Each structure stands twice: as C-alpha cells, then as structure tokens.
Amino acid sequence: MSRFLPKSLSGQFVLLLVAALICAQVLNVYLLMGERQYIARSGHYEAVIDRLVIEAQTLPDLENTRLPLVLVEDDSVPGTIFVSEVNRADRESRGRNLPEYAQLLQSRLKDAGISVTQTSSRTLSFSERPPPPREGGHGPRGHRPPPGGPPRGGPPPGDDPRIYHPSAPPAPGGRPGPGFEEVLFSAEIAPGIWLNALSPHYATEALTSRAIWTTGLTLLGSIIAAILLARQIGKPIRRLSDAADALGRGKLIEPLPEQGPKDIAAATRAFNTMQERLTRLIEEQRATLRAVGHDLRTPLTSLRIRAENVPEEFGREKIIDGVEQLSAMIEEILGWSKDASAIEEVVSVDLGALLDSVAQDYIDQSKSVSFKAPSERLVIKCRRLGVRRAVRNIIDNALNYGGNADLSVRKEDDHYCIEVIDDGPGIPEEALNEVLIPFRRLEQSRNRETGGTGLGLSIAQSIMTAHGGEIKLANETGRGLRVSLCLPPV
C-alpha cells in the first residue's frame, strides 16, 4: 500500500489535506442533511397535526356509523384521516413513539376547544409496515370500493381492526425510496372514539445536484489551493536539495535565495553559511598543501644536485633514489590537491571516444591495454581531464601489478561505469577499502617501482566523489582485480 503513496513532501501534504477536506465535507453534508431532515420531519408532523385538528372541528355525526370510517384521503396532506374504535397508534408494537408530538396534538386540540382524554403518536418505517387488510368490506351504501383505495366517507377495506394504510406508497412502481416512513397520530375525542391520521413521508432527503456541485466545487477549489501551497513550500526545499547535491559533487554554487516560509528560509540561510565555511576551510587546506609541495621542490632539487657529488661508496644511488621518490610523492600530492579542487568546468563528453583515446596512448607505448567499445554512444557531463586522470591511474595500477588492463564502459541503471580488469594477484577482501586511503600501500617496500606512492586510487576516488560518483573494487573470479568508476549521468 505504501508504494502507491507519494514520496515527496508536496505530494504527501496534498494527499493529507485532500483526505482531511473530504472527511470534513462528508461530515458537513451528514450534519447538514441531518438538520434538514429534522426540520422537514418536524414541519411534516405539524402539518398533519393541523389537518387533524381541522377534521376534528368538522367531524360528522358518528351515531349508527360502522367503524373504522375513512374521513379524508386526498393530496392536501398525503395519507388518510379515519375514525376507529381503538387507539391505532398504541395497537402497533413496532416503530418508535413520539411523545413530544402526541403532547403537541393534545395541546392543539384543546386550543381548538376539543376535549381529548388521551393522545398517542408513532412512526413506522416501510420495513416495519404490517400486511394490508383483507378486501371484501362494503360501505354503508352497500357498494364495493373501487381498486386503488376506499371512497371518501366509506370504511377501509376489511373488517379486521388493524391499522389502515394508504392504497400505495408515494413512489414509482409501488415501492418507496430510501428513508420512507409513515407517522400515525391517535386522539380519543370521545369514549371509545379515536380520531387517527396516517401520513407517509420521506425521513431522509436525497442529495440534490446543487449540493453535489457545491461540495465538488468546494473540494476542487481546496485541492487547487493545496497544490499551489505545496508547490510554494516544496520549491525552496527542492532547490536546497539540488544545491546540497551539487555541493557534494564539488560544484561551486551561488548562495541560495532565502525565500519561502520562515523555517525553510532559516534552513536555506544555514545551508549558505555552511557552504561558505566548508568551501573556505577546504580551500585553505588545499592551499596549504599546495604551498608546502611547492616549497619542498627547491630543497629537493638542491639535494638532488648535491647527491650527484656524493661518492658511490657512500651510497649515492640510494640517496638519489630516495630524493626521486620524495619528489614523485610531492608531485602526486600536488596533482591530488588540484584534481580534488574540482576547478575544471563540466562539459559533455563521449565516454567511448575518451576511453579509446586513453587506451590508444598506452597501445602506442606497446603496453598491454585493450578497450571494448560500447554498442551505443554514451554521452555524459563530466570534467574531461579529471576523468581521464582517474582512468589512467587505475590503468597504471593494473599494469604495475597485473601486467595488463582490459578497459570497458557500460550503462548500469542511471550510472555509467568504467571498468578496468587485470590479471594480477588481486587484493585481499579485508583490504579492499584500505587501499583507498591516501598513502596506504599493501606493498611495504620503499621501492616506488613496486609499491608506488599510495595516492593513485585516492586521486581516482577524489575525482569520482567530485562528480557525485563512486569507485568500487572487487576481485574478479579467475582473474585479478576489477575496478569500477561509476559516474552519474549529470
């Protein structure tokens, strides 16, 4: 489930806000519909009570009249008003009592001058509706009721003293929609004479197109506002992320504008300060390293000249060899500090052409270097001289320890990997990471021809780090060491 969720801060903010808005709108519609339902139901109940009071004031003479008797069944108030010998509301065990409306009915009847001894009220849902009465009853004039309901002034169908229902619920096809219910009022206007009103209505109101459009437009406007706000928040964060990535690759970037919300502006300000201090500190260290290297050249040159005058019996060759080794190490240090400074500009480079040029330089010197050209053109933005130097350092190591170097390049996911494989003895697994440390050599002799200076791999790693890439070392099965220089596409 989590893989379908947005990963960015802006996406998560929009998703959370939209979910909150939907829940709020659903709750709002629920409360609104509940309030409107209560108002509509209350208005309907009071309308039925008012009509019942009017009928009670014009009640005909019920002497010698067989009950139950239908008084009204028309469209003025949906339902039926009839007279019965029993309290029809109390006869029903189902449904829900409405004591407050029973009290209201009694109060309205007394205000109209009609004496009542008891009132009852109940509401029934359609699912609780009892079976309709049996047919076969006749009116006082001896005629059969027509289909669709009893005539005005006649008895309801059947002789069973059950509750009388309208001929059909107010819905197409004879079945009501959701929320259909019926309200029943009963008032004893004389001993054994009960005036009843049964009226159908819908206790719930269907969502109208206006309500749907209003809710939809509100959500749409809120979502657009959330997206704009998320973009406003996410833009400086993305800018800060890109700047941090560029700084990690050794690029010199301009201070970021301190915009956006207060917290993000403070984070941007802190990043600008960190970048300034970090750049200054690194440059001071490299400047010191370069100054020391340059200052050592003069005394080393003097030592080299003096060593030439030392008699052979006093170890002239060893002194000269030590001076040359020290000079070579200083040159490596100066080269390392220059490459790590990342002052070269980034340009588009065809890796295949660059590596083929490097391999041809070695082949022209009759060295065992081969290059397997890629099947497609691989263009990448990088520092051409820096990458060239890193590759040459790896090839030099392969030639020194393995005698050969097989060079290739391939695309791996979103990176371009330059690989150099030799047939040497490889490196012990526990020492694969140690050889990347500056001046760390596995060969402990002081001979530069066999041990080197210990900076070749370190320089290559510095160049890869400045590009945002990495260097990987592994022992190749059946061969020697495999070194991979992996560069990002930009």
Side-chain angles (χ1 to χ4, degrees), residues 249-250 328 331-412 414-424 426-427 432 435-438 452-476 479-490:
R249 297 186 182 190
E331 293 299 326
E332 292 281 2
I333 292 174
L334 291 176
W336 178 60
S337 63
K338 181 179 179 181
D339 285 327
S341 63
I343 59 176
E344 182 188 352
E345 294 209 2
V346 175
V347 295
S348 294
V349 176
D350 185 343
L351 277 181
L354 175 65
L355 298 178
D356 182 65
S357 172
V358 172
Q360 286 301 323
D361 290 345
Y362 284 97
I363 293 174
D364 292 343
Q365 300 174 33
S366 301
K367 294 185 178 181
S368 181
V369 175
S370 64
F371 172 61
K372 181 180 179 182
S375 58
E376 57 180 330
R377 190 166 179 260
L378 304 179
V379 178
I380 185 175
K381 288 187 175 182
C382 65
R383 299 177 180 91
R384 178 192 297 270
L385 295 180
V387 172
R388 187 183 185 91
R389 172 155 190 170
V391 173
R392 289 185 64 89
N393 284 357
I394 302 303
I395 293 177
D396 288 341
N397 276 355
L399 293 175
N400 288 336
Y401 292 99
N404 70 309
D406 294 336
L407 182 62
S408 63
V409 61
R410 60 184 172 82
K411 187 175 182 181
E412 183 179 287
D414 59 343
H415 281 65
Y416 296 92
C417 290
I418 303 170
E419 290 191 343
V420 178
I421 304 177
D422 60 48
D423 291 321
I427 297 177
L432 286 176
V435 295
L436 297 176
I437 301 175
T453 62
L455 284 175
L457 290 175
S458 299
I459 293 174
Q461 184 184 39
S462 298
I463 295 173
M464 291 298 103
T465 302
H467 283 82
E470 61 179 336
I471 181 171
K472 300 177 182 179
L473 278 67
N475 290 308
E476 185 74 7
R479 300 195 65 181
L481 182 68
R482 182 180 74 244
V483 180
S484 302
L485 303 175
C486 294
L487 294 164
V490 292

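Not measured: the values here are computed from a predicted model.
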Mind checking the CD-CG spacing from Glu470 to Leu485? Nearest 0.5 Å is all I need.
10.5 Å
Quiz: residues 371-380 side-chain donor-acceptor pairs under 3.5 angstrom, not counting sequence neighbours:
residue	atom	partner	partner atom	Å
Arg377	NE	Asp350	OD2	3.2

With a 4.5 Å heavy-atom cut-off, do Asn397 and Val420 have their side chains touching?
no
Check whether any side-chain heavy atom of Lys411 lies under 4.5 Å from a side-chain heavy atom of Leu351, and answer yes or no.
no
For Ile395 versus Ala405, what's the shortest heavy-atom pair and its separation?
CG2-CB, 4.1 Å
Rounded to the nearest 0.5 Å, how far apart are CD1 of Ile421 and CZ of Arg479?
5.5 Å
Hey, are the side chains of Leu487 and Val387 touching, using non-hydrogen atoms and a 4.5 Å cut-off?
yes
Donor-acceptor contact below 3.5 Å, side chain Asn404 vs main chain Asp423:
yes
Of the non-hydrogen atoms in Leu407 and Leu355, which two are nearest, and what is the gap between them?
CD2-O, 3.7 Å
Closest heavy-atom pair and its distance - Ser348, Arg384:
O-NH2, 4.3 Å
Looking only at heavy atoms, the pair that brings His467 and Pro488 closest together is O-CG, 3.2 Å
Of all heavy-atom pairs between Ala460 and Ile394, which one has the smallest distance, and what is that distance?
CB-CD1, 4.0 Å
Any side-chain heavy atom of Ile471 within less than 4.5 Å of one from Ile463?
no
Where do Asn475 and Gly426 come nearest, in terms of heavy atoms and distance?
OD1-CA, 3.5 Å
What I'd like to find out is whether the side chain of Leu457 reaches to under 4.5 Å of the side chain of Gln461, using heavy atoms alone.
no
At what distance, to the nearest 0.5 angstrom, does CD of Glu412 lie from SG of Cys417?
4.5 Å
Drop me the distance from Ser484's OG to Arg410's CZ, to the nearest 0.5 angstrom.
6.0 Å
For the CZ atom of Arg392 and the CG atom of Asp361, what is their distance to the nearest 0.5 Å?
5.5 Å
